S.K.: 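Dumping the structure here so I can ask a few things about it.
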Amino acid sequence: MSKIALILPCFVNLRCPRNPRFLSSSFNAAGNRRSFCDYSPPQDGFAEANLIHPRSRINRVRVMSRTSASSSSELLRAHCAAIANEESVLREGGGKAGHERQRKMNRLPVRERLGRLLDKESPFFEIGLWAAYKMYEQWGKIPAAGVVAGIGDVEDVPCMIIANDATVKAGSFFPQTTKKVIRAQRIAFECSLPIIYLVDSAGVFLPMQDEIFPDEDDFGRIFRNNSVISAAGIPQFAAIMGNCVAGGAYLPVICDKILMTKGSGLYLAGPSLVKAAIGQVVDQEELGGAQMHAEISGTVDFFEKDDPSCLKRLRSLVRLLPEAKESKTSRTSKETFKPSKDPDTVYDLISFDGQKQYDTRDLLATVVDEESVDEYKADYGKTLVTAYARINGRPVGIVANQRLQVRTKKEGIQMGGVIYSDSADKAARFIMDCNQTGLPIIFFQDVTGFMVGRDAEQSGIIRSGAKLVNAVSNSVVPKITVVVGGSFGAGNYAMCGKAYDPRFIVAWPTARYAVMGAAQASDTVFAILARARERGDKKTTHEELEELRIKVKQSYEEQTDIRYGASRGWVDTIIQPHETRDILIRLLQYVRRPKPQAHFHTGVIQV
């Protein structure tokens, strides 16, 4: 075996304990739906500040490999509680003061609106809860980027809900708000999900307009998507339940059906701007009120007196969809499937420091139906496990990193988590076969990268890696990615990272993203600058180089934290490990819906 220089993660890999409070489909007293990853904080007054160091923007709990099992478990629970507690805070939006402002205007807070709109027993798969997390601190806190997005059932029809949170900067659009809405629209389009927009927004956040307004993934793309989705025949409903101004006014008008509540406003320019622009003095109702649009402009289809009436009407309109009737009549008792291992066992399988070897087949046994696995080329390319399986009776293909050290007859010892030439070739062939059969593919990422070194290069690792990337890129069956642990370098690409169009990408709480590990990055920067100094660049002292190494390492540690990635939309949501099977069951229901085929014609145009 050649000398190697692997990119290895340097973080502790903590796992979260099972807690029944994490999974619920009910609403609490504040009207907040408990989603797959929801959490009710402990009653003993646990504070996140006890765990998170005040000088760090994002910190992780670290434990040494010699830490006892009991103390490691305590740290694990504290880490998990801190993450979940942060999520519960994010769901509060603008907090008590913001909710009170809404009620004074006779409007419900956004999550109470969701509570009335969604079926009572429907779980809500929330997307982008961590969007904008600690990204715009100069402007204050922007929880969930000021918009709630996710999939839930309305009259037994799974719908994508996109709802502005007016308690957060009056529902203004920040750069990540736009990207979150566009991501939600894309998921809805690819899964043929009806979209319901609950509009309550002041429009673009003007101090950052240069990062929101003009580009292909900015504000205007939302309305372009509205038009394309309408042309594809996917139902879109818009309920204006507050402000809807400037360019944002186009969103509801491009939708199939428009509802508007009394006291709301829909106009391209508000009264102040109209006066400044053309000198006209006009009040809000005359300019763009709900009654005006219902009686004079004819823009609004349904005039509603208040939020409850509007949400009731929305449910009634969704009930008219053919799919709603089909779901009502197709209710039958279904066979119950279960995995061969209790999902809780994942916490015993994975070590706290992330260095423990584990057999990924044991992980898959907590996710797939028992006795459903047919492993593909089990004795070849062993650092990737490829298998046909079923999840709740649905057939799927699986590509998962093997974390055990394996022995092969041709290569000898191969290290777990590393992609070798033979495993890349196998996975590429498997992905092609899944496309031939029409099976959705689920990727389980815990990858340190591709193998490097003389032997690897001579074996054609670049050629094999390119083959795998090509297969993933051109795959047309639905893809779902679960980031279990490390997601480093080109391994992220080969295992269907965000750039490779997974329908959904979810991550465990301690997943790690980076081009390389923090220690490797800091050592590389140090070595480059040190060599420059030896060549005559005496501007940097040895002490300054060492200080730079520490800063680079700290920066990488922060940036590889999954919350950093989730805030930027690299993953759709952070999930609890023991809930992986339950979530995949639901996501597979969404991705099995036929994707609309593109053909030219316009969608619904208002006249």
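Just so we're clear, the structure is a prediction, and the values are computed from it rather than from any experiment. All heavy atoms count here, side chains included; hydrogens, waters and symmetry mates do not.
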S.K.: For the OH atom on Tyr493, are there more than 12 heavy atoms of other groups (residues, nucleotides or ligands in this structure) within a distance under 6.0 Å?
M.R.: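 Incorrect, the count does not exceed 12.
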S.K.: Going by heavy atoms in the side chains, are Phe302 and Met260 under 4.5 Å from each other?
M.R.: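 No; the side chains remain at least 4.5 Å from each other.
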S.K.: Has the side chain of Lys180 got a donor or acceptor atom that lies under 3.5 Å from a matching backbone atom of Ala144?
M.R.: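 Here the side-chain-to-backbone pair exists.
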S.K.: Got more than 12 heavy atoms from elsewhere within 6.0 Å of CZ, Phe337?
M.R.: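 Counting other residues, nucleotides and ligands, CZ of Phe337 exceeds 12 neighbours.
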S.K.: By the definition ring-ring contact (aromatic ring centres under 6.0 Å, His included), identify the one residue from Trp139, Phe173, Phe213 that meets it with Phe205.
M.R.: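 Of the listed residues Trp139, Phe173, Phe213, the ring-ring contact (aromatic ring centres under 6.0 Å, His included) partner of Phe205 is Trp139.
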S.K.: Do the side chain of Ser192 and the main chain of Pro594 share a donor and acceptor less than 3.5 angstrom apart?
M.R.: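 Present.
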S.K.: Do Val484 and Val482 have side-chain heavy atoms sitting under 4.5 Å apart?
M.R.: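 The answer is yes; the side chains approach within 4.5 Å.
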S.K.: Hey, does the side chain of Ser201 reach the backbone of Gly171 with a donor-acceptor pair shorter than 3.5 angstrom?
M.R.: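 Such a contact is found between Ser201 side chain and Gly171 backbone.
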S.K.: With a 3.5 Å distance limit and no angle check, can you tell me whether Ser475 reaches the backbone of Val472 through a side-chain donor-acceptor pair?
M.R.: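 Pair absent, no side-chain N/O of Ser475 close to backbone of Val472.
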S.K.: Any sub-3.5 Å donor-acceptor pair from Lys257's side-chain atoms to Ala238's backbone N or O?
M.R.: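 No.
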S.K.: Verify the distance criterion only: is there a donor paired with an acceptor across the side chains of Glu86 and Tyr133 at less than 3.5 Å?
M.R.: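 On atom types as modelled, these side chains qualify, holding a pair under 3.5 Å.
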S.K.: Examine distances only and state if a side-chain atom of Thr437 and a backbone atom of Cys434 form a donor-acceptor pair shorter than 3.5 Å.
M.R.: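 Side chain of Thr437 to backbone of Cys434: no pair is present.
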S.K.: Just by modelled atom types, is the Leu266 backbone N or O under 3.5 Å from a matching donor or acceptor in the His293 side chain?
M.R.: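 Checking the backbone N and O of Leu266 against the side chain of His293, a donor-acceptor pair under 3.5 Å is found.
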S.K.: Hey, does the Lys NZ or Arg CZ of Arg593 hover above the aromatic six-ring of Tyr590, less than 6.0 Å from the centre and inside 45° of the axis?
M.R.: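 No, Arg593 does not lie over the aromatic ring of Tyr590.
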S.K.: Salt bridge (Lys or Arg N to Asp or Glu O under 4.0 Å), that's the test. Do Lys479 and Asp501 meet it? Break it down for me.
M.R.: CA-CA 8 Å; Lys479 303 186 292 283; Asp501 301 328; 5.7 Å; no
S.K.: Sub-3.5 Å donor-acceptor pair from the side chain of Gln236 to the main-chain atoms of Ile195, do we have one?
M.R.: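 No, the answer is negative, given that no donor and acceptor are paired below the 3.5 Å cut-off.
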S.K.: Would you say Ile391 and Ile442 make side-chain contact, with heavy atoms under 4.5 Å?
M.R.: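 SC-SC contact between Ile391 and Ile442 confirmed.
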S.K.: Which distance, rounded to the nearest 0.5 Å, do you find between the CG of Asn225 and the CD of Gln185?
M.R.: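 Separation between the atoms: 4.5 Å.
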S.K.: Please tell me if the side chains of Thr573 and Ile127 come closer than 4.5 Å, counting only heavy atoms from C-beta onward.
M.R.: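 Counting from C-beta outward, Thr573 and Ile127 never come under 4.5 Å.
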S.K.: We want to know whether Thr178 and Asp218 form a side-chain donor-acceptor pair, criterion being a heavy-atom distance below 3.5 angstrom.
M.R.: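 Short answer, no.
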S.K.: Less than 4.0 angstrom from a charged side-chain N to a carboxylate O is my criterion; do Asp217 and Lys179 meet it?
M.R.: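 Judged by the 4.0 Å cut-off on N to carboxylate O distance, Asp217 and Lys179 do form a salt bridge.
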S.K.: Could you tell me whether Asp119 and Arg315 have a side-chain N and a carboxylate O separated by less than 4.0 Å?
M.R.: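 Salt bridge present between Asp119 and Arg315.
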S.K.: Kindly indicate whether the side chain of Val245, heavy atoms from C-beta on, has any atom under 4.5 Å from the side chain of Leu268.
M.R.: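 Side-chain contact under 4.5 Å: no.
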S.K.: Are a donor atom and an acceptor atom from the side chains of Tyr197 and Asn226 found within less than 3.5 Å of each other?
M.R.: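 Judged by distance alone, the side chains do pair up.
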S.K.: We want to know whether Thr580 and Trp508 form a side-chain donor-acceptor pair, criterion being a heavy-atom distance below 3.5 angstrom.
M.R.: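 Thr580 vs Trp508: donor-acceptor pair found between side chains.
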S.K.: Using distance alone, with no hydrogens and no angle criterion, decide if Ser230 and Ser227 have a side-chain donor and acceptor under 3.5 Å apart.
M.R.: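 No, no side-chain donor-acceptor contact under 3.5 Å.
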S.K.: In Å and rounded to the nearest 0.5 Å, what is the CG to CG distance from Leu317 to Leu259?
M.R.: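 Between Leu317 CG and Leu259 CG, I get 6.0 Å after rounding to 0.5 Å.
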S.K.: So which of Ile258, Asn243, Leu251 actually passes side-chain contact (heavy atoms from CB on, under 4.5 Å) with Val199?
M.R.: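 Result: among Ile258, Asn243, Leu251, Leu251 is the only option passing the side-chain contact (heavy atoms from CB on, under 4.5 Å) with Val199.
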S.K.: Write down the atom of Ile562, the atom of Pro509, and the distance for their closest heavy-atom approach.
M.R.: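 Between these two residues, the closest heavy atoms are CG2-O, 2.9 Å.
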S.K.: Between Thr261 and Asp306, is any pair of side-chain heavy atoms under 4.5 Å apart?
M.R.: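 Answer no - side chains too far apart.
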S.K.: Between Ile480 and Leu588, is there a side-chain heavy-atom distance shorter than 4.5 Å?
M.R.: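 Answer yes - side chains close enough.
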S.K.: Can you say whether the rings of Phe125 and Phe504 are parallel (under 30°), tilted (30 to 60°) or perpendicular (over 60°)?
M.R.: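 Perpendicular, since the angle between the ring planes exceeds 60°.
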S.K.: Can you spot which of Met495, Arg503, Gln445 makes a side-chain contact (heavy atoms from CB on, under 4.5 Å) with Thr481?
M.R.: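 The single option meeting the side-chain contact (heavy atoms from CB on, under 4.5 Å) with Thr481 is Gln445.
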S.K.: Would the distance check show the side chain of Ser264 and the main-chain N or O of Gly242 forming a donor-acceptor pair, the cut-off being under 3.5 Å?
M.R.: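 Side chain of Ser264 to backbone of Gly242, a donor-acceptor pair under 3.5 Å: yes, one is there.
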S.K.: If you measure from the Lys or Arg side-chain nitrogens to the Asp or Glu carboxylate oxygens, is any gap between Arg186 and Glu190 under 4.0 Å?
M.R.: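 Yes, Arg186 and Glu190 are salt-bridged.
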S.K.: Which residue is it: Arg116, Arg113, Glu304? I am looking for the one with a side-chain contact (heavy atoms from CB on, under 4.5 Å) to Cys310.
M.R.: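 Exactly one candidate clears the test, Glu304.
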S.K.: Are any of the side-chain heavy atoms of Val204 and Phe219 separated by less than 4.5 Å?
M.R.: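 With C-beta onward as the side chain, the pair touches.
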S.K.: Determine, for Arg111 against Asp165, whether the closest basic-nitrogen to carboxylate-oxygen distance falls under 4.0 angstrom.
M.R.: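 Salt bridge: no.
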S.K.: Does Thr167 use its side chain to pair, donor to acceptor, with the backbone of Gly98 at less than 3.5 Å?
M.R.: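 Absent.
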S.K.: Using a strict cut-off of less than 4.0 Å between a Lys/Arg side-chain nitrogen and an Asp/Glu carboxylate oxygen, indicate whether Arg91 and Glu126 qualify as a salt bridge.
M.R.: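 So Arg91 pairs with Glu126 through a salt bridge.
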S.K.: If I take atom CD from residue Glu211 and atom CD from residue Gln176, how far apart are they, to the nearest 0.5 angstrom?
M.R.: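 Output value for this atom pair is 10.0 Å.
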S.K.: Report the residues that fulfil salt bridge (Lys or Arg N to Asp or Glu O under 4.0 Å) with Lys498, sequence neighbours left out, ordered by chain and then residue number.
M.R.: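 Lys498 satisfies salt bridge (Lys or Arg N to Asp or Glu O under 4.0 Å) with no other residue.
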